[in-house]
Structures are given as C-alpha cells and as structure tokens.
Protein chains: 2
Amino acid sequence: MPRPRSDIARRKVIAAVTDIMVERGAGGVTIDAVAARSGVAKTTIYRHWPDRAALVLDTARSHFADFDSPDTGSLRGDLRTYFGLVDDHTLSGEAGNVMPMVLEASNRDPEMAGILDAISTERARDLEAILDRARERGEFASELDSDQLLGVIVGPVVFHKLVRRRPLSPSYVEACIEVALAGIAALAPDSPA
Amino acid sequence: MPRPRSDIARRKVIAAVTDIMVERGAGGVTIDAVAARSGVAKTTIYRHWPDRAALVLDTARSHFADFDSPDTGSLRGDLRTYFGLVDDHTLSGEAGNVMPMVLEASNRDPEMAGILDAISTERARDLEAILDRARERGEFASELDSDQLLGVIVGPVVFHKLVRRRPLSPSYVEACIEVALAGIAALAPDSPA
DNA sequence: TCCGATCGCTACGGTAGCGTAGCGAAACGA
DNA sequence: TCGTTTCGCTACGCTACCGTAGCGATCGGA
C-alpha cells in the first residue's frame, strides 16, 4: 500500500475553512486564505479536493453530526433533551455559525440544499420517534401531520436562535414546549371542546 | 439647482443587484456584473454609491417595506392578515429571496444586522399591536413576555418558509395560529388548570 | 436658450484569487 | 532499509474584479 493521504492535513484544512466561513462568510473562503490559515500548502489542498466548491460543501457537511434520539421516559424530558441536542449540533457553536450560510447557499446550490434536507430530515425523524413513543405511552395524541407538528414544536426555538439570533435560555425552551404541547392537546380529537 | 441624479438609473441598478443576489448570492454581486445587467455604466454606479458594500446594503434595505398593522376586528382575522402581509413583505417574492442573505450577512456585518433588527422590531411591533387590541376586547390573555409570544406565534410560520423552504399554505398557517392560541390560552393564569 | 452637471463609454493600473507545474524533502508501508 | 507517495514550497499564467481618469454626448434647470 502506498502512503495514505494525511488525515491531519484534512482536519486542519476543514478547521480553517470553518473559521474563515464564520469570520468572512462563504464568499470569503479562498484557497489562499485557507492555505495560510491551516498551514497546509495550497497544492496539498488541491490534492485533497478538486476545487473550492467541493471543499466548502465537505466542510459544511462535516459539522452536522447525527445524534441519538433521546429516550428519557417522558415526552417533556425527551423534548428538553432533544432541544439541547439540536442546539449543540445545529444551532450553536460551529454548526450554528455555519447554518445560516447553508441556508443561504441552499437557495441556489442544489448540493447545499441536499445537505440542508439531510439535516432537516434527520432532525424530523428524531422528533417523530419521540412523539411515537409518547403516543404509545398514551402521553400524546394529535391529528396534525408531521410537517405541522415539526413546525409548531421546533419552529419557535429555531426561529428564536436563527432569525432573532438570541440565545436559547432554558426558560424560553420550556415555554415553547409547554405552549406547543398545550396547543396540540387542545386541538386533539378527544380533548375537551 | 444643478441637474439631479437620475432616479431611473438608481432603480435599474437596485433591480439588477436584486436579481444577481438571488441568482449568485451576495458574493456574486460585482459592480461589473451589475453594470452589465442594469445597462447603467459602472462609473455611474460609483457616482451613486461609494462602494459595493453600500450598494448591497441599500438594495437589501429597499426590499423590506413596512406595512399597516391589520385591524379586522378579531384576533384570528388579524393574525391571518398579518401572516399574509409578513409573507408578502418578508418571506416571499424578492424580499423572501433576499432574506436568507440578510440573515447570513448579519452574523458578521453590523450594518446588515441593523437592517435585520429593524425588520424584526417592526414586525414584532405589528404583532404586539394586534395582541394589545385583542387583549382590550377580552379575546386574549397571557403572561408570556413579548419574545416568547413572538416566537410561539410567528416562529412556526417563519421556520416553515425560511428553514424548511416550503410554501405557506393557508391550512398550514391556520394550524399554526390555532395551536399557538390554544396553547397560550391553556397556559393563561385564569384558564382551567 | 444656455450653462452645468450627469450620463455612457473606453481604457487603465493594481490587486486577488484560481488552479497547475516542477522541485526537493519528509514520511509511511513493506 | 528501500521505494513510493505525499508533502511543502516557489513560481507561473490566467482571469475577474476593483475603483478611477478622461472624453464627448445628453439632459434638466433657470
């Protein structure tokens, strides 16, 4: 076997791209800047990625790790944990800094839109798993479709962080959970009219 | 008085910048491209705006017109109208296409963040006016603060359009309104425990 | 009508970024 | 240890874009 391509270089480059993305936006990611910042030679970068676009996509992808859907035994407990995980893996830190860029680029880059869809789908799946378990326990019922449930439950939280750009305080998340659950319950078919 | 600066040129340039923003993103807005597309000479563009950044800011600002806060006589009617207006003036059409770019740029450009804050504040003020009138009619009560109310009511709608990038169907908006109002009512101090 | 400022056009120098070539040195697998 | 591959470095040609200068033509106000 020949000498493998250095994984250290790969990591250093992706870290540099992330930093530059945050500081200067997606448009500010130039190969020269990445090379200077990462300490990896420009030529080496081109040996790892065919061009700038691929590098940016790869970097974006790298920040949105999946997580295990929480299972604490109660719907509220699961949702609290879920929002903590979503915050960590999507809305805050590096992922949170990269997210608006992904959103913006998705409007014109199908590949970026694919990444966004993958994240969306994955997070939606996790929420559905939580709701399904709650349903089985008799803790939850609704005839809203999954798009509506997703919007009503995670919408307020994502909006607050991504659009209003305010930190997610526990009390804010708590209020969102309570309003959503109470609202859904009030609209459920067998609820008190 | 000397000859005034051509307003026609100004409009043509801003229209071109908008198109390019949508097609290629904020980074794709180059003065040469704007000149070619608008039919306005590059030199003339520089006579109107000091540099590229000012042009982009001015264009972004131009797309978010305020609107009159609706007053239909009922809370639900006001909210339905409100969401229609928000969609038209913020989430759809040209404003909707520019919005993700404003969001992304706001993370590092204070001036762009200022524009975003202005929109946010204005939209929040309109919602508060609606809620205040409903309160006076005895149609609405809540002890949630205005950030929480804003998030819970408009969060799901904005999330659906901006993050999930799905069209706002009347039935979706309707569901969001009902869940939010029911949830808020259920949490109100004098509601049935 | 006339004056002055604006307009469009062409051309320019300067900068920044792209992506590649060619080299010696270092590193890894066998 | 040996051989192969990758690495870092320098240099290169090319393109795109910036922002300005200088020109004649046009338009609008007084």
Side-chain angles (χ1 to χ4, degrees), chain A residues 1-62 98 101 104-105 108-112, chain B residues 1-60 62 98 101 104-105 108-109 111-112:
Chain A
M1 284 290 285
R3 179 182 170 196
R5 204 144 258 162
S6 164
D7 194 54
I8 297 172
R10 184 178 188 279
R11 285 181 215 275
K12 285 200 287 191
V13 168
I14 288 197
V17 173
T18 304
D19 290 348
I20 296 172
M21 266 183 185
V22 172
E23 284 175 17
R24 315 203 181 169
V29 178
T30 68
I31 303 292
D32 290 275
V34 173
R37 181 140 196 164
S38 64
V40 174
K42 201 165 71 152
T43 42
T44 301
I45 296 174
Y46 278 106
R47 289 181 187 114
H48 282 248
W49 291 272
D51 54 26
R52 188 179 150 285
L55 175 56
V56 170
L57 280 171
D58 207 16
T59 302
R61 222 184 319 264
S62 77
V98 171
M101 194 264 298
E104 196 272 336
R108 104 197 71 84
D109 179 352
E111 297 208 62
M112 199 62 95
Chain B
M1 283 288 287
R3 180 184 171 196
R5 206 143 257 165
S6 163
D7 195 53
I8 297 172
R10 183 177 189 278
R11 285 181 216 275
K12 285 200 286 190
V13 168
I14 288 197
V17 172
T18 304
D19 289 348
I20 296 173
M21 266 184 186
V22 172
E23 284 176 17
R24 315 201 183 170
V29 178
T30 68
I31 303 292
D32 291 274
V34 173
R37 181 141 198 163
S38 64
V40 174
K42 203 165 72 152
T43 42
T44 301
I45 297 174
Y46 278 107
R47 289 183 187 112
H48 282 249
W49 291 273
D51 53 26
R52 188 179 150 284
L55 175 55
V56 170
L57 280 171
D58 207 15
T59 302
S62 76
V98 171
M101 194 264 297
E104 195 272 337
R108 104 197 73 82
D109 179 352
E111 297 207 61
M112 198 61 95

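What you are looking at is a predicted structure, and each value in this text was computed from that prediction instead of being measured. Proteins come first, then strands; the chains are lettered A, B, ... in the order of their sequence lines, and each starts at number 1.
Listed by first then second residue, pairs satisfying salt bridge (charged side-chain N to carboxylate O under 4.0 Å, His left out) with a partner in residues 26-36 of chain B read B/Asp32-B/Lys42, not counting sequence neighbours.
Taking the side-chain hydrogen bond (donor to acceptor under 3.5 Å, both in side chains) definition, one finds that A/Glu23 meets it with A/Arg37, sequence neighbours left out. Contacts of B/Asp58 classified as side-chain hydrogen bond (donor to acceptor under 3.5 Å, both in side chains), with partners at least two apart in sequence or in another chain: B/Arg10, B/Trp49. The side-chain hydrogen bond (donor to acceptor under 3.5 Å, both in side chains) search around B/Thr18 returns B/His63, not counting sequence neighbours. With sequence neighbours excluded, no residue forms a salt bridge (charged side-chain N to carboxylate O under 4.0 Å, His left out) with B/Arg24. A/Arg61 meets the side-chain hydrogen bond (donor to acceptor under 3.5 Å, both in side chains) test with no other residue; sequence neighbours excluded. Not counting sequence neighbours, the partners of A/Val40 by the side chain to side chain contact (heavy atoms under 4.5 Å, CB included) test are A/Ala9, A/Lys12, A/Val13, A/Ser38, A/Thr44, A/Ile45.
The overall bend of the helix from C/dT1-D/dA30 to C/dA30-D/dT1, read as the angle between its terminal helix axes built from five base pairs each, is 40° when rounded to 10 degrees.
Spacing between atom CG of A/Leu55 and atom C1' of C/dC18 amounts to 13 Å, rounded to whole angstrom units. Rounded to an integer number of Å, the gap from A/Asp7 CG to C/dA27 C1' is 15 Å. Nucleotide D/dT6 holds its P atom 16 Å from the CZ atom of A/Arg10, rounded to whole Å. Between the CD1 atom of A/Ile8 and the C1' atom of C/dC28 there is a distance of 12 Å, given to the nearest Å.
For A/His48 and D/dC7, the shortest distance from a side-chain N or O to OP1 or OP2 is below 4.0 Å.
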Contact pattern, 5' to 3', of nucleotides 13-24 of chain D - B, S or - by protein heavy atom under 4.0 Å: ----SBBBB---
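With contacts defined as side-chain heavy-atom distances shorter than 4.5 Å, the pair B/Arg52/B/Val34 does not qualify.
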